[in-house]
Amino acid sequence: MAEGSERRRFPRHPVVVEIDYQSDSPVLRSRLSDLSEGGMFVDTVTPLPQGTEIKFRFRPSPKAEEPALVGLGRVAWNQATVGMGIEFVRFSADGWDRLRSFLREGP
């Protein structure tokens with residue numbers, strides 16, 4: 001799905017936080033710039049191919065005591081030198097509840 005598409009099911013929320021992710025590679029670090037219940041946008045000049053599954057870890061809030069959200073995602077779309085849209089597949093433990101709470105309450 002291309003950015004700007006009207007097919008989005010969830011509203012996007014702007015955030016600027018670091019994210020660690022990996023597929024069949026060493027852990028990579030980048031910046032997450034928007035977040036929704038369905039996925040996120042990762043700013044990177046070297047996006048992974050569409051369909052690639054990734055493991056990810058990020059803190060939606062810069063609060064140090066906030067535990068990281070850990071899960072599995074899939075590259076839904078990418079644009080060279082810009083970034084990639086990641087669709088959430090699974091979270092560990094209470095990840096879905098914590099994500100929804102963060103999106104409702106904000107940083």
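Below, all heavy atoms of this structure are taken into account, side chains as well, without hydrogens, waters or symmetry copies.
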Going through the checks in order, is the side chain to side chain contact (heavy atoms under 4.5 Å, CB included) test met by F56 and L32? CA-CA 11 Å; F56 61 81; L32 194 147; over 6 Å; no
Looking only at heavy atoms, which two atoms of [X] and [Y] are closest? And how far apart?
| X | Y | value |
| --- | --- | --- |
| L28 | S25 | CD1-OG, 4.2 Å |
| G83 | P47 | O-CB, 3.5 Å |
| F41 | D43 | CE2-OD1, 2.8 Å |
| I54 | Y21 | CD1-CB, 4.0 Å |
| L35 | P60 | CD2-CB, 4.2 Å |

Evaluate R29 against E18 for salt bridge (charged side-chain N to carboxylate O under 4.0 Å, His left out), listing each step before the verdict. CA-CA 7 Å; R29 176 164 284 174; E18 287 187 347; 3.6 Å; yes
Apply side chain to side chain contact (heavy atoms under 4.5 Å, CB included) to V27 and list each qualifying residue two or more places apart in sequence or on a separate chain. D20, Q22
Answer whether the closest heavy-atom distance between the side chains of F58 and M40 falls below 4.5 Å. yes
Got a sec, which residues hit side chain to side chain donor-acceptor pair (under 3.5 Å) with T52, two or more places apart in sequence or on another chain? none
For E37, the side chain to side chain donor-acceptor pair (under 3.5 Å) test, sequence neighbours excluded, returns R100
Enumerate, atom names and distances included, each donor-acceptor pair closer than 3.5 Å involving a side-chain atom of residues 84-99, sequence neighbours excluded.
from, atom 1, to, atom 2, distance (Å)
S92, OG, V70, O, 3.2
R98, NH2, E66, OE2, 3.4
R98, NH2, P67, O, 2.3

Ignoring hydrogens and angles, tell me if any N or O in the side chain of N78 forms a donor-acceptor pair with the backbone of L48 under 3.5 Å. yes
Only pairs at least two apart or in different chains count here, so list each salt bridge (Lys or Arg N to Asp or Glu O under 4.0 Å) that has a residue in residues 76-85. none
Apply the test side chain to side chain contact (heavy atoms under 4.5 Å, CB included) to residues R31 and I19: give CA-CA distance (whole Å), side-chain angles for both, the deciding distance (0.1 Å), then the verdict. CA-CA 6 Å; R31 185 178 69 181; I19 181 170; 6.0 Å; no
Intermediate values then yes/no, side chain to side chain contact (heavy atoms under 4.5 Å, CB included), E53 and L72: CA-CA 7 Å; E53 287 198 342; L72 180 69; 4.0 Å; yes
